[in-house]
Chemist: 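One structure, as structure tokens, below. Some questions next.
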Amino acid sequence: MLILSQPAAHLKPTPLPGSQRSWRPAGAALRYTSRLRKLCQPIAMRASQFLISTLKEAPSDAEVTSQKLMLRAGMIKKVAAGIYTWMPMGLRSLRKVEGIVREEMNRAGAIEVLMPAVQPAELWQESGRWAFYGAELLRFKDRHERDFVIGPTHEEVITDLARRELRSYRQLPKHFYQIQTKFRDEIRPRFGVMRGREFTMKDGYSFHANFDDLKREYQNMYATYSRIFTRLGLAFRAVAADTGSIGGTGSHEFHVIAETGEDDIAYCPDSDYAANVELAEALTPAIQRPAPAQTLVKVATPGVKTIEEVSAFLKVPASATVKSVVVEGEDGKPVLLLLRGDHELNEIKAGKLAGLKSPLTFASAESLRAAFGAEGGSLGPIGFAGRVVMDRAVAVMGDFVTGANDDDHHFTGANIGRDFPEPDVADLRNVVAGDPSPDGAGSLALCRGIEVGHIFQLRTKYSEAMGCKFLDEGGREQVMEMGCYGIGVSRILGAAIEQNYDTRGIIWPAAIAPYQVVICPVGWGKSEAVRQEAAKLYDVLVTAGLDVILDDRDERPGVMFADWELIGVPHRITIGDRGLKEGLAEYQGRRDPEATKIPVADIAAFVRSKVLA
RNA sequence: CGGGGAAUAGCUCAGCCUGGUAGAGCACUGCGUUCGGGACGCAGGGGCCGGAGGUUCGAAUCCUCUUUCCCCGACCA
């Protein structure tokens with residue numbers, strides 16, 4: 001009914017899929033070869049056949065640059081919190097990252113497998129992680145009421161595979177990897193693909209007859225990861241890391257350096273040293289503790305609680321104050337930790353102190369009152385009878401300010417030894433910029449990083465728990481040594497953008513741009529000459545093996561330029577009547593301030609050299 | 001988990017206080033004019049105003065519940 005009511009002019013013949021628009025240059029031969037190439041070279045594309053879905057405004061819930069740009073460029077679409085569809089444009093980049101990772105993993109001697117995303121609970125119960133892993137592990141039951149999980153990682157499945165398949169030292173070492181979708185039910189998914197719940201990860205697991213061989217493979221992966229991130233065109237740093245909840249010893253994280261990173265990294269500009277701030281050692285200062293010069297004075301500090309307030313009220317720098325942190329000991333008694341006022345407690349380091357409750361637990365207000373006779377904000381070591389541990393930086397302080405264990409009072413001129421007993425000394429704080437590098441090569445600087453890779457020496461944590469054993473040369477049964485190696489494939493795209501963008505949009509590193517080259521014909525719909533030149537150039541570049549897209553949407557130049565700059569294609573060629581009259585085309589690299597005029601006859605070779613550069 | 005905010009067209013938002021059957025910009029469709037940096041005019045299509053209940057003659061608007069999303073916090077003496 002609707003159709004019948006429409007004027008006949010609205011009824012146009014529907015073009016067949018893949019058919020050319022009527023104004024495409026005629027000629028059976030050209031059409032034939034072009035279609036043939038399309039089959040042989042599926043990477044090349046005409047924009048009118050592709051899906052370009054750019055947005056002028058980013059959805060309001062997007063927070064960080066990479067997320068906004070990926071949404072605006074139409075690379076991803078949000079489906080639920082932390083869950084995205086990869087749009088055609090984004091998928092091309094994702095596949096390129098996967099391709100590089102796969103190539104280098106294969107080159108390094110690892111072999112690819114594909115494990116299930118859904119895993120039976122039994123395996124997780126066997127490793128002990130069913131109970132240990134929290135709500136991040138998405139669990140569900142099937143119709144038979146059997147428990148399953150959606151895999152956040154695959155140690156259990158691969159160890160199960162290895163114990164079934166590998167029985168002899170002759171079969172070792174083996175390194176299996178996969179590129180696969182993981183699910184972690186993050187408390188607060190954010191930053192688009194950088195902290196999604198569903199994400200693509202390359203995870204590899206190696207099995208060895210002895211520790212030395214594990215260490216050899218660890219080095220192999222260290223080198224492989226460095227090669228991968230170099231090929232991806234990212235500025236990165238390998239940092240020594242805490243082994244965290246996964247367990248094991250020996251671990252490096254690979255971080256892409258970016259302002260918006262979620263991790264703090266301490267590195268030495270003068271050496272290779274780099275470590276997660278949580279792990280970087282704060283050395284003992286190379287100075288002696290000064291002799292006491294002031295007398296101990298108790299001063300009223302009404303309403304003054306925080307270090308900033310104390311510092312402002314008494315007009316002393318925060319570095320001349322000592323702050324008190326009270327945690328619970330194994331026996332439930334409070335333990336006082338002393339830190340310089342301007343330093344932060346490192347809970348990982350503190351948690352490793354002997355005799356403390358694990359995990360590290362801060363004392364309650366009631367127990368503070370009972371043990372110190374004062375509230376938080378007025379606590380200090382003087383007069384406290386329990387155990388006290390001070391940071392290395394505190395150990396060299398004299399004449400400092402600290403809480404008086406009396407509400408609204410502080411001491412000035414406090415000194416260790418004279419005013420309270422000499423406490424134990426430990427490394428309790430986060431390093432700060434300017435601290436000496438632990439490798440002695442200079443001083444530390446801090447930066448933010450996005451973790452895109454992680455390598456672990458797992459040792460026998462899982463093989464032991466799950467009975468993954470082999471027979472050695474002597475016929476003795478031994479537990480395998482294991483390593484595991486992860487790369488956040490989808491996160492890499494977000495990280496790459498955080499590192500490479502401008503006001504116009506994304507600036508993809510060449511290796512992972514969805515297309516290498518875009519041809520923008522100005523006046524496609526009305527100029528036969530433009531169509532011919534553009535189509536010819538397109539065919540030449542496709543034949544040359546370049547990853548090229550021809551923007552035949554017949555949009556105005558401003559729209560085309562804005563779209564492709566947003567999408568971040570590295571190389572753009574503009575062809576228009578104006579230039580053709582003089583035999584010229586234009587080339588503009590994504591980072592170039594303006595276009596360069598190049599003779600039409602040379603443009604293909606010119607672009608080719610740019611792409612290969 | 002605690003606290004705050006939001007939910008209206010594909011996207012960004014207005015309307016809500018002071019109830020009266022829903023708007024703008026961008027996007028989309030048609031026609032015309034334009035045509036080298038996100039064009040213009042005219043004419044259109046598109047929303048059970050997150051869901052459920054209540055108050056009312058009448059609810060996007062007021063009330064209750066619910067769902068979803070977002071933000072902040074979870075180092076502090």
Side-chain angles (χ1 to χ4, degrees), chain A residues 2 6-7 9-12 52-63 67-68 71-72 74 77-83 134-135 187-191 278 301 304-310 321-327 334 336-339 341 343-351 360-365 367-369 371-372 374-381 384 401-405 407-408 410 428-430 504-505 520-527 530 554-566 572 574-581 584-586 588 594-595 597:
Chain A
L2 181 72
Q6 296 292 320
H10 287 239
L11 297 171
K12 289 192 168 179
I52 293 165
S53 56
T54 53
L55 292 171
K56 284 193 182 170
E57 289 175 281
S60 58
D61 54 15
E63 297 167 76
Q67 182 184 14
K68 289 177 184 166
L71 287 163
R72 283 189 55 211
K77 292 282 180 196
K78 182 169 155 179
V79 175
I83 298 174
I187 302 172
R188 211 177 136 195
R190 51 181 155 179
F191 306 151
E278 293 174 338
T301 51
V304 172
K305 298 231 177 260
T306 66
I307 290 295
E308 294 77 51
E309 288 164 1
V310 169
T321 67
V322 166
K323 69 176 161 193
S324 305
V325 180
V326 185
V327 297
L336 176 61
L337 307 179
L338 297 180
L339 292 157
H343 286 157
E344 282 184 350
L345 176 67
N346 180 312
E347 293 190 28
I348 290 179
K349 290 177 180 176
L360 196 66
T361 310
F362 292 100
S364 66
S367 70
L368 292 184
R369 174 60 67 183
F372 292 87
E375 288 180 1
S378 303
L379 304 182
F384 173 62
V401 173
T402 189
N405 293 330
D407 286 344
D408 295 328
H410 281 77
L428 293 177
R429 68 180 176 92
N430 287 333
R504 294 174 171 186
C520 291
V522 176
W524 173 268
K526 63 167 190 180
S527 167
V530 166
D554 196 25
E555 286 287 354
R556 305 169 76 85
V559 173
M560 283 192 288
F561 297 161
D563 274 350
W564 294 111
E565 281 162 356
L566 175 60
R572 184 177 81 211
T574 308
I575 290 178
D577 273 329
R578 219 161 68 182
L580 287 181
K581 276 179 195 143
L584 297 173
E586 287 166 39
Q588 185 164 2
E594 48 193 54
K597 291 191 192 329

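Order of the sequence lines fixes the chain letters, A, B, ..., with proteins taken first and strands second; residue numbering starts at 1 for each chain. As the structure is a prediction and not an experimental result, all values here were calculated from the model.
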Chemist: Which nucleotide, if any, forms a Watson-Crick or G-U wobble pair with G10(B), using both distances under 3.5 Å?
Modeler: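 G10(B) is paired with C26(B).
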Chemist: Using purine N1 to pyrimidine N3 plus N6-O4 or O6-N4 for Watson-Crick, or N1-O2 and O6-N3 for G-U wobble, each under 3.5 Å, what pairs with C1(B)?
Modeler: G73(B)
Chemist: Out of C71(B), G37(B), C69(B), which has the shortest distance to the side chain of Arg504(A)?
Modeler: G37(B)
Chemist: Can you find a side-chain donor-acceptor pair between Ser378(A) and Asp407(A) that sits under 3.5 Å?
Modeler: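 Absent: no donor and acceptor within the cut-off.
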Chemist: Out of G37(B), C75(B), C26(B), which has the shortest distance to the side chain of Lys56(A)?
Modeler: C26(B)
Chemist: From the set G38(B), C11(B), A39(B), return the single nucleotide nearest to any side-chain atom of Arg72(A).
Modeler: G38(B)
Chemist: State which of C75(B), C35(B), C71(B) makes the closest approach to the side chain of Glu344(A).
Modeler: C75(B)
Chemist: Out of C75(B), G38(B), C13(B), which nucleotide sits closest to the side chain of Thr54(A)?
Modeler: G38(B)
Chemist: Name the pairing partner of G20(B), where a pair is Watson-Crick or G-U wobble with both distances under 3.5 Å, or state none.
Modeler: C57(B)
Chemist: Pro59(A) side chain: which of C35(B), C75(B), U12(B) is closest?
Modeler: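 Among the listed nucleotides, the one closest to the side chain of Pro59(A) is U12(B).
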Chemist: With a 3.5 angstrom cut-off on both distances, give the Watson-Crick or G-U wobble partner of G37(B), or none if there isn't one.
Modeler: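 Here G37(B) is not engaged in any pair, so there is no nucleotide opposite it.
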Chemist: Over how many whole Å does the gap from Glu594(A) atom CD to G36(B) atom P extend?
Modeler: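 Taking atom P of G36(B) as the reference, CD of Glu594(A) is at 18 Å.
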Chemist: For C13(B), does OP1 or OP2 lie under 4.0 Å from any side-chain N or O of Ser60(A)?
Modeler: yes
Chemist: Provide the Watson-Crick or G-U wobble partner of A52(B), both distances under 3.5 Å; none if there is no partner.
Modeler: U64(B)
Chemist: If I take atom NZ in residue Lys68(A) and atom C1' in nucleotide C70(B), what distance separates them, rounded to the nearest angstrom?
Modeler: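 These atoms are roughly 13 Å apart.
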Chemist: Quick one: which of C70(B), U12(B), G36(B) gets closest to the side chain of Glu57(A)?
Modeler: U12(B)
